[in-house]
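Remember, predicted model here, so these are calculated numbers, not experimental data.
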There are 2 protein chains.
Amino acid sequence: MALLKKIFYDYLGEKRLKKTQQRDLILDIFLTAEHHVNVDDLIRRVREIDPSTGYATVYRTVNLFLESGIAQEVRLSDSVRRIEPFYADEHHDHLICIRCGSTTEFFSGQLESAQVAAAADHGFRPLRHSLRIYGLCRKCQEQ
Amino acid sequence: MALLKKIFYDYLGEKRLKKTQQRDLILDIFLTAEHHVNVDDLIRRVREIDPSTGYATVYRTVNLFLESGIAQEVRLSDSVRRIEPFYADEHHDHLICIRCGSTTEFFSGQLESAQVAAAADHGFRPLRHSLRIYGLCRKCQEQ
DNA sequence: ATGGTTGCAAACCTTTTGCATCGGG
DNA sequence: CCCGATGCAAAAGGTTTGCAACCAT
């Protein structure tokens with residue numbers, strides 16, 4: 001079974017919470033969704049399969065995802081709340097254009113190690129991170 | 001006059017918007033507030049001086065701050081929206097403990113230059129950034 | 001005078017909560 | 001069986017919008 005799924009079910013067990021059909025379905029859809037989803041999209045997809053699912057259930061389940069540590073909230077330039085599965089080895093570095101709103105994901109090994117070093121300086125044990133660099137993308141600089 | 005104030009008034013001029021008593025007051029309070037404020041605090045402080053100020057006015061003005069580029073939205077571990085003046089030379093690097101919620105601001109020259117390099121690789125012109133490293137603080141690791 | 005701005009209240013949207021019913025362990 | 005989970009609808013934030021009066025320019 002996938003790691004995040006296991007973590008989630010372990011969390012349910014610890015807290016004496018129940019494994020239900022709805023939670024299974026929401027979890028599966030969440031984990032197979034591309035990069036990040038907002039709650040509304042998630043609800044829409046869940047309802048394609050089980051139309052009787054209530055908003056409250058999805059919200060409650062998403063909160064469990066966050067509490068259990070298998071998901072994290074992401075907000076980019078817009079103010080829409082999105083949720084994404086937390087894969088420890090994934091990076092969350094974005095270039096965000098303040099003019100056109102475009103976002104580019106990137107990776108830099110140098111940056112990653114600088115982060116680990118900075119955290120170590122403070123006795124901090126890093127688990128994940130989010131870096132956003134705001135500025136002007138190539139196109140918007142030309143205009 | 002302070003730089004951000006000038007930028008804001010220039011923005012108003014460009015857009016044919018007006019300089020009003022309320023906007024002046026809200027701007028002054030915003031710029032002298034410590035690090036970051038949420039909109040509610042801002043309203044409270046504005047009303048200490050001018051109790052007749054409406055919520056809508058403060059919200060509308062805060063949105064102008066964001067549009068004009070003199071302010072940016074910040075969200076840390078909680079989901080409260082905060083607004084802070086954008087000082088270009090300020091850094092926004094935080095270590096956020098996922099257990100106790102404590103946040104520590106830090107600075108790393110190595111990190112700053114790695115960011116500039118990464119942006120340059122994408123033809124991106126960086127203006128400001130926000131880095132959050134989530135993990136366990138020293139105290140919470142010991143527990 | 002013109003057209004943007006304000007305060008108020010109502011509308012909106014997203015998220016949470018109360019409650020009776022349902023269903024997992 | 002027990003107690004947590006669900007669906008519904010209502011409530012609760014936080015933010016925006018419509019409107020008539022107001023006030024910079």
Side-chain angles (χ1 to χ4, degrees), chain A residues 5 8-30 36-68 71-84, chain B residues 8-30 36-68 71-83:
Chain A
K5 214 167 199 171
F8 183 63
Y9 287 139
D10 286 353
Y11 179 81
L12 292 184
E14 266 171 46
K15 294 262 180 170
R16 302 277 140 76
L17 302 176
K18 289 169 183 170
K19 185 172 178 306
T20 66
Q21 282 195 344
Q22 288 90 334
R23 285 179 180 164
D24 282 354
L25 174 60
I26 298 168
L27 178 59
D28 279 341
I29 292 181
F30 172 63
H36 29 244
V37 245
N38 61 49
V39 181
D40 222 60
D41 282 342
L42 190 55
I43 291 174
R44 206 167 301 123
R45 294 192 205 183
V46 168
R47 286 197 167 162
E48 282 170 15
I49 295 176
D50 177 0
S52 66
T53 313
Y55 266 73
T57 300
V58 177
Y59 273 105
R60 282 185 281 232
T61 305
V62 164
N63 286 339
L64 287 176
F65 292 167
L66 296 171
E67 286 165 29
S68 69
Q72 72 175 323
E73 249 190 75
V74 180
R75 292 189 201 246
L76 295 181
S77 56
D78 53 0
S79 57
V80 182
R81 177 195 189 200
R82 289 165 207 282
I83 308 295
E84 68 178 28
Chain B
F8 183 63
Y9 288 138
D10 285 354
Y11 179 80
L12 292 185
E14 267 172 45
K15 294 262 179 172
R16 302 277 140 76
L17 303 176
K18 289 168 183 170
K19 184 172 178 305
T20 67
Q21 283 196 344
Q22 288 90 337
R23 285 178 180 164
D24 282 354
L25 174 61
I26 298 167
L27 178 59
D28 279 341
I29 292 181
F30 172 63
H36 31 242
V37 245
N38 61 49
V39 181
D40 224 60
D41 282 342
L42 189 56
I43 291 173
R44 206 167 300 123
R45 294 191 204 184
V46 168
R47 286 197 167 161
E48 283 171 14
I49 295 175
D50 178 0
S52 67
T53 313
Y55 266 72
T57 300
V58 178
Y59 272 105
R60 283 186 279 231
T61 305
V62 164
N63 286 339
L64 288 177
F65 291 166
L66 295 171
E67 286 164 28
S68 69
Q72 73 174 322
E73 250 191 74
V74 180
R75 294 189 200 245
L76 295 179
S77 56
D78 53 2
S79 56
V80 182
R81 177 194 188 200
R82 289 164 206 281
I83 309 295

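Of all the heavy atoms in B/Leu27 and B/Phe65, the pair that sits closest is CA-CZ, 3.6 Å. Annotation for A/Asp24 and A/Lys19: closest pair OD2-NZ, 3.1 Å, computed over non-hydrogen atoms.
The CD-C1' distance, from A/Gln21 to C/dG25, rounds to 15 Å in whole Å. Atom CG in B/Leu27 sits about 15 Å away from atom P in C/dT5, given to the nearest Å. Computed from coordinates, the A/Arg47 CZ to D/dT6 C1' distance equals 12 Å when rounded to whole Å. The CG-P distance, from B/Leu64 to C/dT6, rounds to 9 Å in whole Å.
Within 4.0 Å of A/Arg60, counting heavy atoms only, lies at least one base atom of the nucleic acid.
Residues A/Arg45 and A/Asp41 are not paired through a salt bridge, judged by the lack of any N-O separation under 4.0 Å between the basic side chain and the carboxylate.
Listed pair B/Arg16 / C/dT2 fails the phosphate criterion, with no side-chain N or O lying under 4.0 Å from OP1 or OP2. An OP1 or OP2 oxygen of D/dA24 is reached within less than 4.0 angstrom by no side-chain nitrogen or oxygen of B/Thr20. Of the side-chain N and O atoms in B/Tyr59, one or more sit less than 4.0 angstrom from OP1 or OP2 of D/dT15.
Map A/Leu17 and B/Asp50 each onto its nearest nucleotide of DNA chain C; the residue landing nearer the 5' end is B/Asp50. Of the two residues near DNA chain C, B/Gln22 and A/Asn63, the one whose nearest nucleotide lies more 5' is B/Gln22.
Atom CZ of B/Phe30 sits about 13.5 Å away from atom CG of B/Leu25, to the nearest 0.5 Å.
Between the side chain of A/Lys18 and the base of D/dC3 there is at least one donor-acceptor pair of N/O atoms closer than 3.5 Å.
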